[in-house]
Student: 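Structure incoming, see below.
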Amino acid sequence: MLITGLGLGCVVRGLLASPRIERIDVVELDADILRIIGSEFVDDRRVSLHHGDALTIEFPERRTWDFAWHDLWTDGERHLQSLHAELMVRFRDRVVHQQGAWAFPQAMKKYWSRFYPLLGAPKVRAA
């Protein structure tokens, strides 16, 4: 599982409740959030915390994920849907099954559901 944006850690906490989850890569831009919230997950071998920008962070070339959930926050300079759409395109070749995003409107999901397969990418899921 790939999570972009740790936030309060709710998504990671929920995923860790399932014994089926083998690995979660979490990308977080804010060092304070990683320090405060990420400390809860540091000792869990299934969680890897990465400090960086999800739009530019580099992972090993062969790293793939079954699912991705994009949960970025913006203070208004960029629209969330635009950021999440960029991430879906960026990771389209590395997410095997499905990607989703917080606050991804139903109308955009419908649009992406038609456009996304043309990129050879997996399904898009709205929140």
Student: Would Trp73 and Leu83 show up in the same hydrophobic cluster when neighbours are defined by side-chain heavy atoms closer than 4.5 Å?
Tutor: no
Student: What distance separates Leu15 CG from Cys10 SG, expressed to the nearest 0.5 Å?
Tutor: 11.0 Å
Student: Kindly say whether Leu8 contributes a backbone atom to a donor-acceptor pair with the side chain of Arg13 at under 3.5 angstrom?
Tutor: yes
Student: Report the C-alpha separation of Leu87 and Leu72 in whole Å, then their side-chain angles, then the decisive distance to 0.1 Å, and conclude whether the side chain to side chain contact (heavy atoms under 4.5 Å, CB included) test is met.
Tutor: CA-CA 10 Å; Leu87 287 169; Leu72 300 184; 3.4 Å; yes
Student: Does His50 form a side chain to side chain contact (heavy atoms under 4.5 Å, CB included) with Val26? I'd like the steps, not just the answer.
Tutor: CA-CA 6 Å; His50 307 274; Val26 181; 5.6 Å; no
Student: Identify, with sequence neighbours excluded, every residue that meets side-chain contact (heavy atoms from CB on, under 4.5 Å) alongside Ser18.
Tutor: Arg20, Ile21
Student: Establish, from distance only, whether the side-chain atoms of Gln99 and His70 form a donor-acceptor pair under 3.5 Å.
Tutor: yes
Student: Does any non-hydrogen side-chain atom of Val47 lie less than 4.5 Å from one of Val12?
Tutor: yes
Student: As an exercise, state the distance from CG of Leu2 to CD1 of Ile24, rounded to the nearest 0.5 Å.
Tutor: 10.5 Å
Student: Do side-chain atoms of Glu28 reach the backbone of Leu6 as a donor and acceptor pair under 3.5 angstrom?
Tutor: yes
Student: Can you list the steps and then say if Trp65 with His97 is a side chain to side chain contact (heavy atoms under 4.5 Å, CB included)?
Tutor: CA-CA 8 Å; Trp65 302 272; His97 294 293; over 6 Å; no
Student: Can you sort out the partners of Phe41 under ring-ring contact (aromatic ring centres under 6.0 Å, His included), two or more places apart, ordered by chain and number?
Tutor: none
Student: Any salt bridge (Lys or Arg N to Asp or Glu O under 4.0 Å) involving residues 53-63? Give me the pairs, sequence neighbours left out, ordered by first then second residue.
Tutor: Asp25-Arg63, Glu58-Arg90
Student: State, to 0.1 Å, how close Ile37 and Gly7 come at their nearest heavy-atom pair, and which atoms those are.
Tutor: CG1-O, 3.5 Å
Student: Does Leu29 belong to the same Ile/Leu/Val/Met/Phe/Trp/Tyr cluster as Phe59, with side-chain heavy atoms less than 4.5 Å apart forming each link?
Tutor: no
Student: Strictly distance-based, threshold 3.5 Å: is any side-chain N or O of His51 a donor or acceptor partner for the main-chain N or O of Leu34?
Tutor: no
Student: For Asp32, give me all partners under side-chain hydrogen bond (donor to acceptor under 3.5 Å, both in side chains), at least two apart in sequence or on another chain.
Tutor: Arg35
Student: Please enumerate all residues that pass salt bridge (Lys or Arg N to Asp or Glu O under 4.0 Å) together with Asp44, with sequence neighbours excluded.
Tutor: Arg46
